[in-house]
2 protein chains.
Amino acid sequence: MSDHERDKPETGEPFLADYLQFLLATASGLASHSFHVQAAAAGVSVAEWRVLACLSDCDGQSVTELARLAQMEQSRLTRVIERMDNRGHVTRKRCRDDRRKVHVWLTGQGAGIARDLVARARAHETEFIESCLSPAEGRRLKALLVKLIERAGKGKVHAIRR
Amino acid sequence: MSDHERDKPETGEPFLADYLQFLLATASGLASHSFHVQAAAAGVSVAEWRVLACLSDCDGQSVTELARLAQMEQSRLTRVIERMDNRGHVTRKRCRDDRRKVHVWLTGQGAGIARDLVARARAHETEFIESCLSPAEGRRLKALLVKLIERAGKGKVHAIRR
DNA sequence: CTTAAAAAAATGCATATTCATATTTTTCTT
DNA sequence: AAGAAAAATATGAATATGCATTTTTTTAAG
């Protein structure tokens, strides 16, 4: 432990180990990290993967919808999409009905990459869950998360099925 | 819905709504967002908040330990810490026993800010859980996350109690 | 005991991100 | 119907981040 007193009695109870937000962030990072490495090896950044995954589930979303679903700040998403557009992975079209909006679609190439990554993500998920939870626990965890998201995010999960 | 065919039959099953990694990231974002706004109002960025929280639980960690616990890339953490050092929120000292390492401590001022934010975070957590889950569900969710982290992260949660 | 390999932290530089704001279009008010 | 307010994107400029590399120190190998 060395010379530093790493354990001087901090005021009060231990915090992080029982703090939901920390547990969620940590679990999220652990669960995703090795897949993100795979995606990077395929030339796709985390932000781009999120866009691909969202569009693969529901193509043609607007920038704002996509930003919400992919948890990205709007101007950041605009630029992520721009790069993906330049590489030919997505296309944008201004909406006819509401010309403020811009909808985003996967191109053929983008859809191919997305299909491939989604398949790998599914496999990775299975493997990951097996590595740390029983199947029943995995299901319970997902169910709790869905409920949390439904209630806290006002139907964010269902939004993707529209 | 407009003129865009938002629902062209994408190949295969819906993906995100049942993808653990997406559910975790989304839940994490929803759970933390409004607290992060509070922290920002107090002049503390998300990265800084994580450092404060980690040190408040276990002061004097090394840069690498802290990076792991706070889920930050090492060189990023080095610079976050540097800024916090300049503002007088933390201090760094090279380790006597292993002079490669640099340990980080809260200053008096930093500790004050941390105490305040930790208290607010606890309150926010309580309020958040109440808003979307029953107390029992909250406990079960935490327990599942702890298990996941223990198994997938090789004791990451316990690491903070050392 | 000497040299090679590994570990920890810092840094340069290219790129990405954020924040505030501008622009365009739509919706609301009266 | 006119004008104000709101909504959706985009963009400029300051800042932050990631990646590869460097430096220093420690550990391992022969």
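Keep in mind it's a predicted model, so treat the numbers as computed, not measured. Below, read A as the first sequence line, B as the second, and so on, with proteins coming before strands; counting in each chain starts at 1. The figures that follow rest on heavy atoms only: side chains count, while hydrogens, waters and symmetry mates do not.
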Rounding to a whole Å, what distance do you find between [X]:[atom1] and [N]:[atom2]?
| X | N | atom1 | atom2 | answer |
| --- | --- | --- | --- | --- |
| B:E82 | C:dA8 | CD | C1' | 16 Å |
| B:L77 | C:dT11 | CG | P | 14 Å |
| B:D85 | C:dA10 | CG | P | 10 Å |
| A:R87 | C:dT15 | CZ | P | 11 Å |
| A:M84 | C:dA16 | CE | C1' | 15 Å |
| B:D98 | C:dA8 | CG | P | 8 Å |
| B:L66 | C:dA10 | CG | P | 12 Å |
| A:R99 | C:dT23 | CZ | P | 18 Å |

Legend entry - Nucleotides bounding contact with chain B, strand DNA chain D, heavy-atom threshold 4.0 Å: D:dA16 to D:dT26

Legend entry - Nearest-nucleotide 5' precedence on DNA chain D, A:V63 against B:S75: A:V63

Inset, instruction - Return no unless some side-chain N or O of B:R100 is found under 4.0 Å from OP1 or OP2 of C:dA8. - result: no

Legend entry - Contact under 4.0 Å: A:R83 side-chain N or O vs C:dT17 OP1/OP2: yes

Legend entry - Sole residue of B:Q109, B:E48, B:E82 in side-chain hydrogen bond (donor to acceptor under 3.5 Å, both in side chains) with B:R87: B:E48

Inset, instruction - State whether the distance check finds a donor on one side and an acceptor on the other, under 3.5 Å, for side chain B:Q74 versus base C:dA10. - result: yes

Legend entry - Bending between helix ends of the helix from C:dC1-D:dG30 to C:dT30-D:dA1 [5 pairs per end, 10° resolution]: 40°

Inset, instruction - Look only at the side chain of B:D57 and the backbone of A:L16, and say whether a donor-acceptor pair between them is shorter than 3.5 Å. - result: yes

Legend entry - Check: A:K147 side chain, B:L133 main-chain N or O, donor-acceptor pair, under 3.5 Å: no

List in chain and number order the residues that pass side chain to side chain donor-acceptor pair (under 3.5 Å) with [X], two or more places apart in sequence or in another chain; answer none if no residue qualifies.
| X | value |
| --- | --- |
| A:Q74 | A:T78 |
| A:T126 | none |
| B:R92 | B:D85 |

Legend entry - Electrostatic pair B:R122:B:E127 at N-O distance under 4.0 angstrom: no

Show me, pair by pair, the donor-acceptor contacts under 3.5 angstrom made by side chains of residues 32-41 of chain A, not counting sequence neighbours?
unit_1	atom_1	unit_2	atom_2	d
A:S32	OG	A:S28	O	3.2
A:S34	OG	A:H124	NE2	2.6

Legend entry - Verdict with reasoning, B:W49 to B:V118, per side chain to side chain contact (heavy atoms under 4.5 Å, CB included): CA-CA 9 Å; B:W49 154 239; B:V118 166; 4.2 Å; yes

Inset, instruction - Can you figure out which of C:dT11, C:dT18, C:dA10 approaches the side chain of A:R79 most closely? - result: C:dT18

